[in-house]
Amino acid sequence: MSGLIIGDREYFKGIGKISFEGNQSKNPLAFKYYNPTQEVAGKTMSEHFRFAIAYWHSFCNDGGDPFGVGTKFYPWNKSSDPIQNAKDKMDAAFEFISKIGVEYFCFHDVDLIDEGPNLVEFEKRLEIITDYALQKMKGSDIKVLWGTANLFSNPRYMNGASTNPDFHTVAYAGAQVKNAIDATIKLGGENYVFWGGREGYMSLLNTDMKKELDNMARFLHMARDYARSQGFRGDFFIEPKPMEPSKHQYDFDSATVLNFLREYDLMEDFKLNLEVNHATLANHTMAHEMQVAANANALGSMDANRGDYQNGWDTDQFPVDLYELTEMMMIFLDTGGFQGGGGINFDAKTRRNSTDLEDLFYAHIGGMDAFARSLLIANNIMNESDYLKLKEERYQSFKIGKGEEYSAAKLSLQNLHDLAHKLGEPEQKSGKQELFENLINQYI
Ligand code: XLS
Ligand code: NI
Ligand code: NI
């Protein structure tokens, strides 16, 4: 792990490197469970998780919401010069990332620097800020987990980006994606993400869905081809979300995205970046989304956060729920971790009224500890309890006799019919859900 990276000015004064002190520690600025070098199931915690800091929520978001302006007056957001401002913000980012001891960050192009009045200016600014980033990364262990282009905030994308009915806008989105891919490659980014907030519709009355999906696929093929031609070897991730900001988003959930990738022949290069709060918006558990992706060898990466049980939208809170996280970590361990080059990106923000700079530390410490603790619990459940055996026993009948023949595709529907006549009514077998549920509580 690298040392602290502090710029001309120290932003998080009085806070040093966050270290692991164990669960007896009363120090709020220490890890109680996340011990990066501790081995669990054959890998260290830091190898399992590959935690990343989301540039947008942590250093850009000022707490504004539809009912009020920003509440967070960041000291790195004070310069009237956009380039100086971007550099100050980057100083703060590297200081924070090095102090919290995470190895990765994720960014949108416009998080790094304000795009300015036109494309030419944006390209100039991106050069400057990525040069600056390279300088800061040099000699440190901090890397880019993924980069992406923000194709949803600017008003030009109000009708979509790659799914816009206007080709001129599609071309503009193409330019932005090319630049974001270039920036990702320049910074040694390990993956590239597409999240399509405006790739969807508000009303089908004015939408040619088939055409928009065809266009989106063509666009992704072009982006993939371009990145590969530039030597990019990482994974591309699609981040499903059912709605918000669009009424209906094309990348609805894992199953929908996988179907899209298969239909348009993109499975080889694309995997999924799943987000907890997006899963719940789609009326799924995150565990469900992970399992669907894992079945297709597409569990690429994860955006960690949580929603709120009492309201429906994407609240992007930091994860704290051990029960939910343990269910996720059981699938994670069972799958053998990410099936691509991903990691766990905290796509989460401190609350609007969490206005102290140190709150950013509490939030990430809490999230990392919650993941670490859940990983340990999940590992204990899988190794020390009868969990795996109990689950396997439910499917025992496919391992013997006619069931085995069925699994080997040796039976016909007529055979099933004859067998049913011979065996009669099947004996009732309990699903034992409560027994399974109790295991999680027991091991917490
Ligand atoms: C929004 C998404 C977004 C993506 C990156 O809901 O989670 O933050 O992760 O564009
Ligand atoms: Ni989100
Ligand atoms: Ni996200």
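All ligand and atom numbering here is 1-based and tracks the order in the structure. Residues: numbered from 1 along the sequence shown. For the numbers below, each heavy atom of this structure counts, side chains included, while hydrogens, waters and symmetry mates do not.
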Show which atoms of ligand 1 fall inside a sub-4.0 Å distance from at least one heavy-atom site of W56.
8 (O)
With respect to the Ni ion (ligand 2), what is the nearest N, O or S atom of D314?
OD2
Any atom of ligand 1 sitting under 4.0 Å from a heavy atom of H278?
yes
For ligand 1, which atoms, with element, lie under 4.0 Å from some heavy atom of H108?
5 (C), 10 (O)
Are any of the side-chain nitrogens in D182 or K186 under 4.0 Å away from the carboxylate oxygens of its partner?
no
Can you find a heavy atom in the side chain of F194 that is under 4.5 Å from one in the side chain of D251?
no
If you count every heavy atom of other residues, nucleotides or ligands that lies below 6.0 Å from M267 atom CE, does the total exceed 12?
yes
Using heavy-atom distances, let me know which of F152, F237, W313, W195 sits nearest atom 1 (C) of ligand 1.
W195
Test: K43 and E39 ion pair at under 4.0 Å
no
Measure the distance from atom 9 (O) of ligand 1 to every protein heavy atom, then report the residue, atom name and distance (to 0.1 Å) of the closest one.
E239 OE1, 2.7 Å
Mind checking whether H364 and F318 have parallel, tilted or perpendicular rings, split at 30° and 60°?
perpendicular
Which of the N/O/S atoms in D303 sits closest to the Ni ion (ligand 3)?
OD2
Side-chain ion pair, E115 and R156, N-O less than 4.0 Å
yes
Given the side-chain rings of Y34 and F51, with only the six-membered ring counted for Trp, is the space between their centroids under 6.0 Å?
yes
Closer than 4.0 angstrom: is that true for some heavy atom of V193 and an atom of ligand 1?
no
Atom of D347 closest to the Ni ion (ligand 3), considering N, O or S atoms
OD2
Salt bridge check: are R228 and D269 linked by an N-O gap of less than 4.0 Å?
yes
Can you sort out which atoms of ligand 1 are near D314, meaning under 4.0 Å from one of its heavy atoms?
6 (O)
Any N or O on N273 sitting closer than 3.5 Å to an N or O of ligand 1?
no
Which ligand 1 atoms, with their elements, are less than 4.0 angstrom from a heavy-atom of D303?
9 (O)
What protein heavy atom sits nearest atom 8 (O) of ligand 1, and how far away is it?
D347 OD2, 3.0 Å
Among the N/O/S atoms of E239, the Ni ion (ligand 3) lies closest to OE2
Taking the six-membered ring of F59, is NZ or CZ of K89 closer than 6.0 Å to its centre and within 45° of its axis?
no
Using a cut-off of strictly less than 2.8 Å, determine whether E275 has an N/O/S atom near the Ni ion (ligand 2).
yes
Can you tell whether the side chains of D88 and K78 come within less than 4.0 Å, N to carboxylate O?
no
